[in-house]
Amino acid sequence: MKYNQYSYETIKKLIAKGQKYASKGYSINDVLYAEDFSESQWEFVQMGLEHPDFVPGEIKTFYRIGEPREDGYGCYKNSYNFAEDRFENGVSVVTAEWLHNLKSVFFGTSDKDIEAKGVYKIRGFVVPNIGGDDETLICPMDWAEKTRIRTRNGLEKAVKNIK
(Lines give C-alpha, C1' and ligand atoms only; values in the text may rest on other atoms or scores of the structure.)
Protein backbone atom coordinates (compact mmCIF):
# COMPACT_ATOMS: atom_id res chain seq x y z
CA MET A 1 0.00 0.00 0.00
CA LYS A 2 1.29 3.46 -0.92
CA TYR A 3 2.09 5.82 1.95
CA ASN A 4 -0.54 8.55 1.83
CA GLN A 5 1.51 11.55 2.95
CA TYR A 6 1.75 14.79 1.01
CA SER A 7 4.78 15.02 -1.24
CA TYR A 8 7.89 16.61 0.23
CA GLU A 9 7.42 19.60 -2.09
CA THR A 10 3.81 20.10 -0.94
CA ILE A 11 4.87 19.90 2.72
CA LYS A 12 7.57 22.52 2.13
CA LYS A 13 4.98 24.80 0.48
CA LEU A 14 2.58 24.42 3.42
CA ILE A 15 5.38 25.21 5.90
CA ALA A 16 6.34 28.25 3.79
CA LYS A 17 2.72 29.40 3.82
CA GLY A 18 2.75 29.32 7.63
CA GLN A 19 6.04 31.20 7.66
CA LYS A 20 4.56 33.85 5.38
CA TYR A 21 1.71 34.36 7.85
CA ALA A 22 4.25 34.58 10.70
CA SER A 23 6.22 37.26 8.85
CA LYS A 24 3.02 39.32 8.63
CA GLY A 25 2.44 38.98 12.37
CA TYR A 26 -0.61 36.72 12.12
CA SER A 27 -1.65 34.71 15.16
CA ILE A 28 -2.71 31.08 15.03
CA ASN A 29 -6.35 32.17 15.31
CA ASP A 30 -5.93 34.62 12.41
CA VAL A 31 -4.55 31.85 10.21
CA LEU A 32 -7.23 29.36 11.23
CA TYR A 33 -9.82 31.64 9.69
CA ALA A 34 -7.72 32.95 6.78
CA GLU A 35 -7.95 29.79 4.68
CA ASP A 36 -9.72 26.48 4.85
CA PHE A 37 -6.90 24.08 5.70
CA SER A 38 -7.57 20.41 6.32
CA GLU A 39 -6.34 18.99 9.63
CA SER A 40 -3.43 17.28 7.89
CA GLN A 41 -2.47 20.49 6.06
CA TRP A 42 -2.79 22.51 9.24
CA GLU A 43 -0.04 20.46 10.92
CA PHE A 44 2.49 21.82 8.41
CA VAL A 45 1.11 25.37 8.21
CA GLN A 46 1.27 25.57 12.00
CA MET A 47 4.85 24.23 11.92
CA GLY A 48 5.82 27.15 9.68
CA LEU A 49 3.87 29.65 11.74
CA GLU A 50 5.51 28.55 14.99
CA HIS A 51 8.99 28.13 13.49
CA PRO A 52 9.49 30.93 10.94
CA ASP A 53 13.18 30.11 10.43
CA PHE A 54 12.73 26.35 9.99
CA VAL A 55 13.98 24.87 6.73
CA PRO A 56 13.04 21.22 6.21
CA GLY A 57 16.19 19.16 5.79
CA GLU A 58 16.75 16.29 3.46
CA ILE A 59 14.83 13.05 3.76
CA LYS A 60 17.01 10.55 5.63
CA THR A 61 16.77 7.05 7.07
CA PHE A 62 16.14 6.79 10.82
CA TYR A 63 15.48 3.97 13.26
CA ARG A 64 12.90 3.60 15.99
CA ILE A 65 11.87 1.00 18.53
CA GLY A 66 8.42 -0.32 17.64
CA GLU A 67 6.37 0.43 14.57
CA PRO A 68 4.49 3.75 14.65
CA ARG A 69 0.71 3.52 14.88
CA GLU A 70 -1.30 4.05 11.71
CA ASP A 71 -3.86 6.85 11.52
CA GLY A 72 -6.42 4.91 9.47
CA TYR A 73 -5.91 7.15 6.42
CA GLY A 74 -2.69 5.67 5.05
CA CYS A 75 -0.15 7.49 7.26
CA TYR A 76 1.37 7.18 10.70
CA LYS A 77 0.06 9.00 13.75
CA ASN A 78 2.47 11.26 15.57
CA SER A 79 4.04 9.67 18.64
CA TYR A 80 2.18 10.07 21.92
CA ASN A 81 3.69 11.76 24.97
CA PHE A 82 2.14 9.85 27.87
CA ALA A 83 3.78 12.07 30.52
CA GLU A 84 2.02 15.16 29.12
CA ASP A 85 -1.03 13.31 27.73
CA ARG A 86 -0.71 14.75 24.23
CA PHE A 87 0.54 13.90 20.76
CA GLU A 88 4.05 14.96 19.81
CA ASN A 89 4.72 17.02 16.68
CA GLY A 90 6.15 14.06 14.77
CA VAL A 91 7.17 10.42 15.04
CA SER A 92 9.97 9.75 17.52
CA VAL A 93 13.19 8.13 16.36
CA VAL A 94 16.37 6.96 18.04
CA THR A 95 19.67 8.81 17.77
CA ALA A 96 23.04 7.94 19.30
CA GLU A 97 22.76 10.98 21.60
CA TRP A 98 19.34 9.89 22.81
CA LEU A 99 20.52 6.31 23.45
CA HIS A 100 23.19 7.71 25.78
CA ASN A 101 20.65 9.94 27.55
CA LEU A 102 19.29 8.74 30.89
CA LYS A 103 15.71 9.11 29.60
CA SER A 104 16.28 6.31 27.09
CA VAL A 105 16.64 3.86 29.97
CA PHE A 106 13.09 4.63 31.14
CA PHE A 107 11.70 4.18 27.64
CA GLY A 108 12.68 0.54 27.41
CA THR A 109 15.89 0.09 25.49
CA SER A 110 17.02 -3.19 27.00
CA ASP A 111 17.73 -6.08 24.66
CA LYS A 112 14.52 -7.74 25.90
CA ASP A 113 12.43 -4.63 25.12
CA ILE A 114 14.05 -4.15 21.72
CA GLU A 115 13.52 -7.77 20.75
CA ALA A 116 9.86 -7.63 21.84
CA LYS A 117 8.99 -4.41 19.98
CA GLY A 118 11.38 -4.69 17.05
CA VAL A 119 13.48 -2.00 15.42
CA TYR A 120 12.07 -0.27 12.36
CA LYS A 121 13.85 1.69 9.65
CA ILE A 122 11.86 4.73 8.53
CA ARG A 123 12.52 7.58 6.11
CA GLY A 124 11.58 11.16 6.83
CA PHE A 125 12.86 14.62 7.71
CA VAL A 126 13.52 16.09 11.14
CA VAL A 127 10.88 18.51 12.43
CA PRO A 128 11.82 21.53 14.58
CA ASN A 129 10.38 20.24 17.87
CA ILE A 130 11.87 17.59 20.14
CA GLY A 131 9.85 14.96 21.93
CA GLY A 132 8.92 14.93 25.59
CA ASP A 133 11.73 12.46 26.28
CA ASP A 134 14.22 14.63 24.35
CA GLU A 135 14.01 12.36 21.32
CA THR A 136 14.29 13.54 17.73
CA LEU A 137 10.96 13.78 15.89
CA ILE A 138 10.52 13.28 12.17
CA CYS A 139 7.81 13.64 9.57
CA PRO A 140 7.64 10.15 8.02
CA MET A 141 7.62 9.99 4.24
CA ASP A 142 7.12 6.23 3.79
CA TRP A 143 6.12 3.08 5.63
CA ALA A 144 8.55 1.75 8.24
CA GLU A 145 10.39 -1.48 7.50
CA LYS A 146 11.16 -3.98 10.25
CA THR A 147 14.87 -4.71 10.60
CA ARG A 148 16.78 -7.69 11.98
CA ILE A 149 18.20 -5.58 14.83
CA ARG A 150 17.44 -7.29 18.15
CA THR A 151 19.85 -5.69 20.65
CA ARG A 152 20.71 -2.27 22.02
CA ASN A 153 24.24 -2.75 20.69
CA GLY A 154 22.87 -3.46 17.21
CA LEU A 155 20.63 -0.39 17.40
CA GLU A 156 23.53 1.75 18.54
CA LYS A 157 25.60 0.60 15.54
CA ALA A 158 22.72 1.43 13.18
CA VAL A 159 22.17 4.96 14.49
CA LYS A 160 25.80 6.00 15.05
CA ASN A 161 26.11 7.74 11.67
CA ILE A 162 22.77 9.57 11.73
CA LYS A 163 23.35 13.28 12.22
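What you see is a predicted model, and the numbers here were worked out from it, not measured in a lab. Note that the numbering runs from 1 along the sequence shown for the chain.
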request  = Check step by step if side chain to side chain contact (heavy atoms under 4.5 Å, CB included) holds for Ser79 and Phe87.
outcome  = CA-CA 6 Å; Ser79 296; Phe87 281 97; over 6 Å; no
Got a sec: does the [atom1] of [X] have more than 12 other heavy atoms crowding it under 6.0 Å?
X	atom1	result
Lys117	NZ	yes
Lys12	NZ	yes
Lys2	NZ	no

Could you check whether any side-chain N or O of [X] sits under 3.5 Å from a backbone N or O of [Y], counting only pairs where one atom can act as donor and the other as acceptor?
X	Y	value
Gln41	Ser38	yes
Asn4	Tyr73	yes
Tyr8	Pro56	yes
Trp143	Gly74	no
Asp30	Ser27	yes
Glu135	Asp133	yes
Asp142	Arg123	no

4.5 Å side-chain heavy-atom contact, [X] and [Y]:
X	Y	result
Ile11	Phe125	yes
Cys75	Tyr3	yes
Ile65	Leu155	yes
Asn78	Glu43	yes
Ile15	Phe54	yes
Ile28	Gln46	yes
Ile122	Pro68	yes

request  = Check the side chains of Thr147 and Tyr120 for a donor-acceptor pair under 3.5 angstrom, ignoring hydrogens and angles.
outcome  = no
task = Ignoring hydrogens and angles, state whether a donor on the side chain of His51 or Gln19 is under 3.5 Å from an acceptor on the partner side chain.
result =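 The criterion, which ignores hydrogens and geometry beyond distance, is not satisfied for Gln19 and His51.
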Heavy-atom pair with the smallest gap, counting every atom of [X] and [Y]:
X	Y	answer
Val94	Val159	O-CG1, 3.6 Å
Pro140	Val91	CG-CG2, 3.5 Å
Val127	Ile138	CG1-C, 4.1 Å
Ile149	Ile114	O-CG2, 4.3 Å
Thr109	Asp113	N-OD2, 3.8 Å

Check the hydrophobic clustering (I, L, V, M, F, W, Y; side-chain heavy atoms under 4.5 Å; chains of links allowed) and say if [X] and [Y] are grouped together.
X	Y	value
Leu137	Trp98	no
Ile59	Val126	no
Val55	Met47	no

query = What do the steps show when you test Glu35 against Lys17 for salt bridge (Lys or Arg N to Asp or Glu O under 4.0 Å), and what is the final call?
reply = CA-CA 11 Å; Glu35 291 187 47; Lys17 192 171 275 200; 3.4 Å; yes
Rounded to the nearest 0.5 Å, what separates atom [atom1] in [X] from atom [atom2] in [Y]?
X	Y	atom1	atom2	answer
Glu156	Lys160	CD	NZ	9.5 Å
Ile130	Ser92	CD1	OG	12.0 Å
Glu115	Ser110	CD	OG	10.0 Å

Step-by-step side chain to side chain contact (heavy atoms under 4.5 Å, CB included) determination, Leu14 to Trp42 = CA-CA 8 Å; Leu14 290 166; Trp42 175 247; over 6 Å; no
inquiry  = For a side chain to side chain contact (heavy atoms under 4.5 Å, CB included) check, start with the C-alpha distance between Tyr63 and Thr95, then their side-chain angles and the critical distance, and finish with the verdict.
reply    = CA-CA 8 Å; Tyr63 295 86; Thr95 61; over 6 Å; no
query = When Tyr76 is tested against each of Arg69, Gln5, Glu67 for side-chain hydrogen bond (donor to acceptor under 3.5 Å, both in side chains), which residue passes?
reply =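 It is Glu67, the one option of Arg69, Gln5, Glu67 that forms the side-chain hydrogen bond (donor to acceptor under 3.5 Å, both in side chains) with Tyr76.
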task = Start with the C-alpha gap between Arg152 and Leu99, add the side-chain angles, then the distance that decides, and say whether side chain to side chain contact (heavy atoms under 4.5 Å, CB included) holds.
result = CA-CA 9 Å; Arg152 182 182 170 100; Leu99 267 178; 3.7 Å; yes
request  = On the 0 to 90° scale, with breaks at 30° and 60°, tag the Tyr21-Tyr26 ring pair as parallel, tilted or perpendicular.
outcome  =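 Judged by the thresholds at 30° and 60°, the geometry between Tyr21 and Tyr26 is tilted.
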